[in-house]
Amino acid sequence: MSRITRTAPQPPAQTLAPGGAEASNMPLARDLIALRTRVVDGAWRRTDAKAGLAGAHRTAFTGRGMEFAEVRAYRPGDDLRNVDWRHTARRGRPFTKLFQDEREHPVLVFVDLGPTMQFGSRVAFKSVIAARAAALLAWAAVEAGDRIGGVVWNGRTHREIPPRGRETGALALIRALTSSAAAYATSDRPAPSASREGAMLALARALRPGTHAVLISDFQAPGACSNISRLRAGSGLSLIQVFDPLESTPPPAGVYRVADGDTEQTLDLRGDAARAVYGEPFRRRSAQLAATARHCGATLIQLATNDDPADVLRALIAPLHPRAQWRAP
């Protein structure tokens, strides 16, 4: 957990990172459950009433379904009830109607609650913002009639949540988010070097054709971008890069103490040169992530700790559901 404190000769000392009252450092179940009220009026919602888990998404599978897709030449074995007699009469040979079925699109989220996510200088830690984003996506999936599941990694271990429908899936994900965050806060064990790799492998194993995977992370962990390409097996991939404004923009000119709980060093940001290169690690990491997203055909969204996740996630929801709306806070 990082901490940045302004030192003399600029009294009084100013805390810009975790530890103050301004930043929430733990996701709470009641807050994540309450986010359901932000998802209304069609956000990932089915547009017509169908039984079961039909979902709001059209599949590439054609057959006897609810919505007309196209007309093609009759093939042996086609259902005679679907013969398009008008088209057949005009063309002089048999044609059949095809229908497009509506099927669910399970949503699998990977939520990073690891060490680099335990930082925030504004509204909340990056880990809390990530949890809120995951909860919003879960409730949106519930409204759509889709199943929701995923993997939550807290820097030491990961928890797998099998995709489930309705409130059962969303609540299971919320329980995993809050319990994983609490486990990290109360544990002193060092993080296994392969723990994130194992978490990503678990997500990859759970992907099936038609699944939409969403990765929510700051993508700071070593090798964070290297395993993204293996997630292309699903039908869609979205990357949500969570960051704190203090990572991209330097604080006011001054001398600061930077501590992570184990070590402490001094950061002098009084000179123009130091301020010019301050955000370079963030810019370099963001550029690498953007290149990875382009290579994988993934959607990339940046989410700051002082953003409203519901407002930012409109960019993820809207292309799939143009009529989606979020309730104002």
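Just so it is clear, the values below take in all heavy atoms, side chains as well, and ignore hydrogens, waters and symmetry mates.
Using a 4.5 Å heavy-atom cutoff, the side chains of I129 and L303 are in contact. The shortest side-chain heavy-atom distance between W139 and R38 does not fall under the 4.5 Å cut-off. Counting heavy atoms from C-beta on, the side chains of R270 and P252 never come closer than 4.5 Å.
Residues Q220 and Q241 bring no donor and acceptor atom of their side chains to less than 3.5 Å of each other. Using a 3.5 Å distance cut-off with no hydrogens or angles, the side chains of R159 and S179 do pair a donor with an acceptor. Under the 3.5 Å distance criterion, with hydrogens and angles disregarded, no donor-acceptor pair is assigned to the side chains of T96 and N82.
A salt bridge is absent between R166 and E143: the closest approach of a Lys/Arg side-chain nitrogen to an acidic carboxylate oxygen does not fall below 4.0 angstrom. Salt bridge D146/R164: absent, no basic N to carboxylate O contact under 4.0 Å.
Screening L173, L28, L32, D31 against T178 for a side chain to side chain contact (heavy atoms under 4.5 Å, CB included) leaves a single residue, L32.
Taking the ring axis of F219 as reference, the NZ or CZ atom of R285 does not stay both within 45° of it and closer than 6.0 Å to the ring centre.
The aromatic rings of F282 and F243 are tilted relative to each other, their planes meeting at an angle between 30° and 60°.
The aromatic ring centres of F119 and F125 sit 6.0 Å or more apart.
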Test log, rule side-chain hydrogen bond (donor to acceptor under 3.5 Å, both in side chains), inputs S180 and N154: CA-CA 6 Å; S180 294; N154 69 357; 5.0 Å; no
Chi angles and distances behind the side-chain hydrogen bond (donor to acceptor under 3.5 Å, both in side chains) call for H158, S195: CA-CA 7 Å; H158 71 269; S195 64; over 6 Å; no
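Nearest heavy-atom pair across Y184 and P115 is OH-CA, 3.4 Å.
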